[in-house]
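Here is the structure we will look at.
Chain identifiers are assigned alphabetically (A, B, ...) following the order of the sequence lines, protein sequences preceding nucleic acid strands; residue numbering begins at 1 within each chain. When reading the values below, keep in mind they use all heavy atoms of this one structure, side chains included, and skip hydrogens, waters and symmetry mates.
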Amino acid sequence: MRSHYCTQIDENDIGTEVTLCGWANSYRDHGGVIFIDLRDKSGLVQLVCDPVDSKEAHKVANEIRDEFVLIAKGKVRARGEGLENKNLKTGKIEVVVENLTVESKSEPLPFVINDPKVGEETRLKYRYLDLRKASSYETFRLRSKATIAARNILDANGFLEVETPILTKSTPEGARDYLVPSRVHGGEFYALPQSPQLFKQLLMVGGFDRYFQIAKCFRDEDLRADRQPEFTQIDLEMSFAGQEDVIKVSEDMLKAVFSACGISINIPFNRIPYHEAMEKYGSDKPDLRYDLAMVDVIDIFARCENEIFSNIAKNSHINRIKALKVPNGDNIFSKRQMKGFEDYVRKFGASGLGYFQLKEDGLKGPLAKFFSDADLEEIIKATDLKVGDVVFFGAGEKKLVLDYMGRFRIYLAELMEIIPDDVFEFVWVMDFPMFEVEDGRVKALHHPFTMPKDLDKENVEDIESIAYDIVLNGVELGGGSVRIHKPDIQEAVFKLLGISDEEAEEKFGFLVEALKYGAPPHAGLAFGLDRLMMLITKRSSIRDVIAFPKTQSAQCLLTQAPSPVANDQLRELSIRVRENKKA
RNA sequence: GCGGCGGUAGUUUAGUUGGUUAGAAUGCUGGCCUGUCACGCCGGAGGUCGCGAGUUCGAGUCUCGUCCGCCGCGCCA
């Protein structure tokens, strides 16, 4: 239909006959001449409808309103002296319309496209209108470029793109499943995959050697700004490969993806062991765009005269006393703010938050009287304090202290606005523990198919795994591991997880059996594509990079899904709804 | 499941101590206008104050419940 996109024409096309298609972005009727800004995916160009040029076109133009769909034929003309619009890419020219067709009319819109003040709720209800704005198009253009770049580089590296089932087996070990009732097998259910994990391992057993997939995954858990119930992973797996092979491929892929989005990044990325990340930053996904690392001061506190602290310090295996230095904090924060910090950490289970300020005449603060002068000096040395600095202390059970001090670190960085927003700080977090014990229950930190380094440790929590996460600016971008390819190790891990033989057989029997028929050593990784695009496009919400996202209560404002279904439909599926809360 | 914030014309919002006809901008609409580009000028329409109950002579305003949206906690092998 069209000869050009709106912004494809410029001064070189003056005198050329063009046909343009798009939407009326705005119209300005001067009684005689009518101006229309025509918009397509490329941008805007001004149409001029003058009765002198075409009475017919001017008559049609008279009826046009915002967002009518138009096909305009006309000649490109230079704008007169002083009539240029510098804000428009096509501001030096205009199209004199000779023939104008209204292809679709439009009701007045529920909101003005591109108005930054319009709330998200309204925009999501009419998502197709919100997508008309230039920034939306740019977001999804980049997303497309990114996935194509990922496909190309993985293809070039010998990876095979394979689709795995969307209707699959429920494995409620991890997140809650979305269930799909079976009509043919009344009372039985498929589940939507939380990830293609088991199938990609089976593809390795199948000899495909290298697999990838841009895979939709589903988890029925509560939403967050960076979490949707359905999301996309770039999922990959390699045979006869280990951690270093996966890391190399991943770094190459990320470099290609960022490059496709016009961003240059440096590889290889830094690495940090899990335990170091936890001890220094209180997080397994540390944001390393800023410092604020924690220092261990439990030895110094062991000698203090405050019983609370010295008692905590007695058991340095299960407890921690961490110092977090804030350079110049004494001059940045008011007394009132310092008090507020304690309230902040209390929300995460802290019983208090100690602090010292280094003044001209030494360390000051409520705790100072419990320490000898020598130990005060030790604190200054351990945390490398300068006059004007503040140092905060968290003390208590290890996991608790690391958690709330880690959150406090982020809270402070945001408050002080020291986080650069133009930096991409990647880090591999390495050597994750295999297990974690919660309320006496042993859980897999990654998943039960992760290769442990050594199962013969006395304490299961000391068993490490060959697992690695890729973290970007404090966001978990992806995670992977070397997988178990030997049935006896897999069975041993199930046993440690407290999964009985019968249960393991029922849930994962097909995997264990597959491992018995010659499984190659294999390893892989999965990236969260949505989060990746969120970071690349610098958005604060994952919804911005998903074409049709759901709200925090997992509803689609556009389609009103989920919604009740007719009884006939339920009967066919052998389902009876117990109660209808919403009716 | 829990905590915080919010819901008033189509949209973005103002609304004082509970008190006259809920105000503005923008959008919409009618008219005028041949060089605008957020066009301009004159006029007009448009409100279940999220919903339901309660207190009160009187509720947008106070109380309770409920729904929806956002942020977070739990949850997310």
Any side-chain N or O of A:Q552 under 4.0 Å from OP1/OP2 of B:C68?
no
Could you give the CD-to-C1' distance, from A:E436 to B:C76, as a whole number of Å?
12 Å
In whole angstrom, give me the gap between the P atoms of B:U21 and B:G58.
15 Å
Roughly how many Å is it from CZ in A:R65 to C1' in B:U29, rounded to a whole number?
9 Å
B:G7 and B:U61, which share atom name C1', separated by this distance in whole Å
15 Å
Pairwise side-chain contact, A:L20 with A:L47, heavy-atom cut-off 4.5 Å (strictly under)
yes
Under a plain distance cut-off of 3.5 Å, with no hydrogens placed, do A:H446 and A:D469 share a side-chain donor-acceptor pair?
yes
Regarding A:R543, tell me which of base, sugar-phosphate or nothing describes its non-hydrogen contacts under 4.0 Å with the strands shown.
sugar-phosphate
Nearest to side-chain heavy atoms of A:P51, which nucleotide of B:U34, B:C28, B:G35:
B:U34
Gap separating the OH atom of A:Y404 from the CZ atom of A:R346, nearest 0.5 angstrom:
10.0 Å
Spacing of A:N87 atom CG relative to B:A38 atom C1', expressed in whole Å
11 Å
Could you tell me whether A:K216 sits above the aromatic face of A:F231, with NZ or CZ closer than 6.0 angstrom to the six-membered ring centre and within 45 degrees of the axis?
no
Any side-chain donor-acceptor pair under 3.5 Å between A:Q213 and A:Y211?
yes
Hey, does A:Q228 reach any base, or is it just sugar-phosphate, or nothing, if we go heavy atoms under 4.0 Å?
nothing
Describe, in one word, how the ring planes of A:Y126 and A:Y128 are oriented to each other, choosing from parallel (under 30°), tilted (30 to 60°) and perpendicular (over 60°).
perpendicular
Under a plain distance cut-off of 3.5 Å, with no hydrogens placed, do A:S195 and A:Q197 share a side-chain donor-acceptor pair?
no
Considering only atom P, compute the distance from B:G50 to B:G15 and round it to an integer number of Å.
15 Å
Using whole Å, what does the distance between atom C1' of nucleotide B:G35 and atom CG of A:D53 come to?
13 Å
Would you kindly check whether a donor in the side chain of A:Q555 faces an acceptor in the base of B:G69, or vice versa, at under 3.5 angstrom?
no
Suppose we call a contact any N or O donor and acceptor under 3.5 Å apart; does that hold for the side chain of A:R28 and the base of B:U34?
no
Within less than 4.0 Å of OP1 or OP2 of B:C37, is there a side-chain N or O belonging to A:S26?
no
Would the base of B:C37 count as contacting A:R79 through its side chain, where contact means a donor and an acceptor less than 3.5 Å apart?
yes
With P as the reference atom in both, quote the distance from B:C49 to B:G44 in angstrom, rounded to an integer.
25 Å
On RNA chain B, check which nucleotide each of A:P448 and A:S540 is closest to and give me the residue with the more 5' one.
A:S540
Checking all strands, does A:R441 fall into the base, sugar-phosphate, or nothing category for heavy-atom contacts under 4.0 angstrom?
nothing
Please measure how far the P atom in B:A38 lies from the corresponding atom in B:G27, and state the result in whole Å.
12 Å
Taking the C1' atom in each of B:C67 and B:C28, what is the distance between them to the nearest angstrom?
30 Å
Residues from residues 218-227 of chain A lying under 4.0 Å of RNA chain B - heavy atoms:
A:R219, A:E221, A:D222, A:R224, A:A225, A:R227
How would RNA chain B look in dot-bracket form, 5' to 3', counting Watson-Crick and G-U wobble pairs with both distances under 3.5 Å and writing | for bases paired to another strand?
(((((((..((((.....[...)))).(((((.......))))).....(((((..]....))))))))))))....
Would a line drawn from the ring center of A:Y468 to the ring center of A:F432 be shorter than 6.0 Å?
no
In terms of side-chain heavy atoms, does A:Q46 have a donor or acceptor partner in A:R28 at a distance below 3.5 Å?
yes
I need the OH-C1' distance between A:Y411 and B:C71, as an integer number of Å.
14 Å
Using the rule side-chain hydrogen bond (donor to acceptor under 3.5 Å, both in side chains), only one of A:E237, A:Q490, A:Q201 pairs with A:R483; which is it?
A:E237
Whole Å only: how far is the CG atom of A:D37 from the C1' atom of B:C37?
6 Å
State whether A:S553 places a side-chain N or O below 4.0 Å from either non-bridging phosphate oxygen (OP1 or OP2) of B:G69.
yes
When all nucleic acid strands are considered with a 4.0 Å heavy-atom cut-off, which category describes A:R77: base, sugar-phosphate, or nothing?
base
Have A:Q194 and A:D177 got a donor and an acceptor in their side chains that come within less than 3.5 Å?
yes
Which value, in whole Å, describes the distance between the C1' atoms of nucleotides B:U63 and B:U56?
12 Å
Between A:R539 and A:T139, does any side-chain donor sit less than 3.5 Å from a side-chain acceptor?
yes
In this structure, how many angstroms lie between the P atom of B:G27 and the CG atom of A:N114, rounded?
15 Å
Using a 4.0 Å heavy-atom cut-off to protein, can you give one letter per nucleotide of nucleotides 6-14 of chain B, 5' to 3': B if the base is in contact, S if only the sugar-phosphate is, - if neither?
----SSS--
Mind checking A:S541 for me? I need base, sugar-phosphate or nothing, with any heavy atom below 4.0 Å counting as a touch.
nothing
Pairwise P distance for B:C70 and B:C32, with rounding to whole Å:
46 Å
Please determine whether a side-chain nitrogen or oxygen atom of A:R176 lies at a distance below 4.0 Å from atom OP1 or OP2 of B:A77.
no
Indicate whether any N or O donor in one side chain lies under 3.5 Å from an N or O acceptor in the other, for A:Y27 and A:D37.
no
Among B:G35, B:C37, B:A77, which nucleotide sits nearest the side chain of A:K443?
B:A77
Provide, to the nearest angstrom, the distance between the CG atom belonging to A:D343 and the P atom belonging to B:G4.
15 Å
I'd like to know if the side chain of A:D13 and the backbone of A:D10 have a donor-acceptor N/O pair within less than 3.5 Å.
yes
